[in-house]
*Asks:* 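Handing you a structure now.
Note that these values count all heavy atoms, side chains included, but never hydrogens, waters or copies made by symmetry.
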There are 2 protein chains.
Amino acid sequence: MTNNKAPVCGIEFINEEKVAIVKENFPDENEIFELAETFKMLGDPTRLKIVLALLISELCVCDLSALIGVSVSAISHQLRYLKNMRLVKFRREGKVVYYSLDDNHIVTIISETQKHVREN
Amino acid sequence: MTNNKAPVCGIEFINEEKVAIVKENFPDENEIFELAETFKMLGDPTRLKIVLALLISELCVCDLSALIGVSVSAISHQLRYLKNMRLVKFRREGKVVYYSLDDNHIVTIISETQKHVREN
DNA sequence: TTTTCACTTGAACAATTGCTCAAGTGATAT
DNA sequence: ATATCACTTGAGCAATTGTTCAAGTGAAAA
């Protein structure tokens, strides 16, 4: 089954069997999409800083703005994103809204990735 | 030191001390940037599929194109990106270029993130 | 009730991203 | 030499992203 012509695109499959084996062991499309979504969520410096901060302590929007150095509005937009992704939760105390992490796995994901960047 | 006026932006710091403590325990700007870069790299479905595939087997550009269902050119562009990020390496065998993973940590990062998406 | 404060929200905008297309490279086959 | 094949590359383009700005909301103080 090696070196057959693909009828549609005209590309020769160098190794159809290998491709088939990989396909069998592949996560389903939906899981891949969710994996990518999770990585994308952490792939923006502002959002990552928010998560890193909340990893240490519960904080209000104003604190996060001062700490990270971007506008309250920008922080709020990103917090909504993270809230929709169910990574953070919040509680209201008078006028102040406190955000905290609503996830157990993120610590491990981040520390594993820290190992990665430190050893490269 | 709580509830002081910030002279510049007019925002009240709800908790300056807490912000200071977080700041002390924060990774430096450069590490945060590299962390975000790593997550961003895995945050695109096409690139993630390439990595997931190479996690199983060494493959050529043509195989990856057939497996993932995007053009050879698109795959090649993403492989260059991943090569620059030193996540993949390649070897030439005649006309065919085989790509494989050049990283040990990525397996752990991905499987930890799989736990995350499966339990949410 | 009115004002103030902490935050949210939607629109708008520039910057970035991932793709396609067409041309180009390097290695083998003819 | 010439052609073919596997892949690379740069330009161009539509879609997405992260931010700002201005207006709006909800809670508490005046």
Side-chain angles (χ1 to χ4, degrees), chain A residues 2-6 9-16 19 33 36-37 39-51 58-85 88-99, chain B residues 2-6 9-16 19 33 36-37 39-51 58-85 88-99:
Chain A
T2 304
N3 290 324
N4 276 3
K5 283 278 181 190
C9 58
I11 293 173
E12 282 190 43
F13 289 119
I14 297 301
N15 200 327
E16 271 188 6
V19 172
F33 187 77
E37 282 277 286
F39 288 127
K40 189 190 261 179
M41 173 178 73
L42 301 170
D44 169 72
T46 301
R47 281 195 298 272
L48 183 59
K49 282 174 192 171
I50 291 173
V51 175
E58 177 192 67
L59 291 165
C60 70
V61 179
C62 178
D63 285 343
L64 285 165
S65 171
L67 173 75
I68 297 169
V70 312
S71 73
V72 167
S73 176
I75 293 287
S76 185
H77 276 295
Q78 298 295 12
L79 282 170
R80 177 165 55 162
Y81 180 111
L82 295 172
K83 200 172 61 191
N84 291 338
M85 295 289 283
V88 303
K89 61 177 188 285
F90 67 96
R91 66 181 179 85
R92 200 172 241 281
E93 200 177 301
K95 295 179 199 165
V96 184
V97 179
Y98 287 98
Y99 280 85
Chain B
T2 305
N3 290 322
N4 276 4
K5 286 277 181 190
C9 56
I11 293 171
E12 280 192 40
F13 288 116
I14 296 300
N15 200 329
E16 271 188 5
V19 172
F33 187 78
E37 282 278 284
F39 287 127
K40 188 189 260 178
M41 174 178 74
L42 300 170
D44 169 71
T46 303
R47 281 196 298 271
L48 183 60
K49 283 175 191 171
I50 292 173
V51 175
E58 176 192 68
L59 291 165
C60 70
V61 179
C62 179
D63 285 343
L64 285 166
S65 171
L67 173 75
I68 297 170
V70 310
S71 73
V72 168
S73 176
I75 292 286
S76 185
H77 276 294
Q78 299 294 12
L79 282 169
R80 180 167 50 162
Y81 180 110
L82 295 172
K83 199 172 63 190
N84 290 340
M85 295 288 285
V88 303
K89 60 178 190 282
F90 67 96
R91 65 182 179 86
R92 204 171 239 285
E93 199 176 304
K95 294 179 201 164
V96 184
V97 179
Y98 287 98
Y99 280 85

*Asks:* Give the nucleotide from the list C:dC7, D:dT9, D:dT8 with an atom nearest to the side chain of A:S76.
*Replies:* C:dC7
*Asks:* Evaluate the side-chain contact (heavy atoms from CB on, under 4.5 Å) criterion for residues B:L79 and B:V97: first the C-alpha distance (whole Å), next the side-chain angles of each, then the deciding distance (0.1 Å), finally the verdict.
*Replies:* CA-CA 11 Å; B:L79 282 169; B:V97 179; over 6 Å; no
*Asks:* Quick one: list whatever passes ring-ring contact (aromatic ring centres under 6.0 Å, His included) with A:Y99, sequence neighbours left out.
*Replies:* A:F90
*Asks:* Expressed in angstrom and rounded to an integer, what is the separation of A:I50 atom CD1 from C:dC7 atom C1'?
*Replies:* 14 Å
*Asks:* Can you give one letter per nucleotide of nucleotides 11-19 of chain D, 5' to 3': B if a protein heavy atom sits under 4.0 Å from the base, S if only from the sugar-phosphate, - if neither?
*Replies:* ------SSS
*Asks:* Nearest whole angstrom, please: distance from the P of C:dA27 to the CZ of B:R91.
*Replies:* 15 Å
*Asks:* Within this structure, what is the OH-to-C1' distance between A:Y98 and C:dC5, rounded to whole angstrom?
*Replies:* 13 Å
*Asks:* What is the distance from NZ of B:K95 to C1' of C:dT25, rounded to the nearest Å?
*Replies:* 13 Å
*Asks:* For the pair made of CD in A:E93 and C1' in C:dA6, what is the distance, rounded to whole Å?
*Replies:* 13 Å
*Asks:* Could you check B:R92 against A:R80 and say which one's nearest nucleotide on DNA chain C is further toward the 5' end?
*Replies:* A:R80
*Asks:* Nearest 0.5 Å, what's the CG-CD distance between A:D63 and B:E16?
*Replies:* 9.5 Å
*Asks:* Can you tell me how far apart CD1 (B:I75) and CD1 (B:I68) are? Round to the nearest 0.5 Å.
*Replies:* 4.0 Å
*Asks:* Heavy atoms under 4.0 Å, any strand shown: does A:Y99 hit a base, just sugar-phosphate, or nothing?
*Replies:* sugar-phosphate
*Asks:* D:dT8 P sits how many Å from B:L64 CG, rounded?
*Replies:* 10 Å
*Asks:* Between B:P45 and A:A36, what is the shortest heavy-atom contact and its length?
*Replies:* N-CB, 4.0 Å
*Asks:* To the nearest 0.5 Å, what is the distance between CG (B:L64) and OG (B:S76)?
*Replies:* 10.5 Å
*Asks:* Atom CG of A:N15 to atom C1' of D:dC5: distance rounded to whole Å?
*Replies:* 17 Å
*Asks:* Which pairs, with at least one residue in residues 42-51 of chain B and sequence neighbours excluded, count as a salt bridge (Lys or Arg N to Asp or Glu O under 4.0 Å)?
*Replies:* A:E29-B:K49
*Asks:* To the nearest Å, how far apart are B:L79 CG and D:dC7 P?
*Replies:* 10 Å
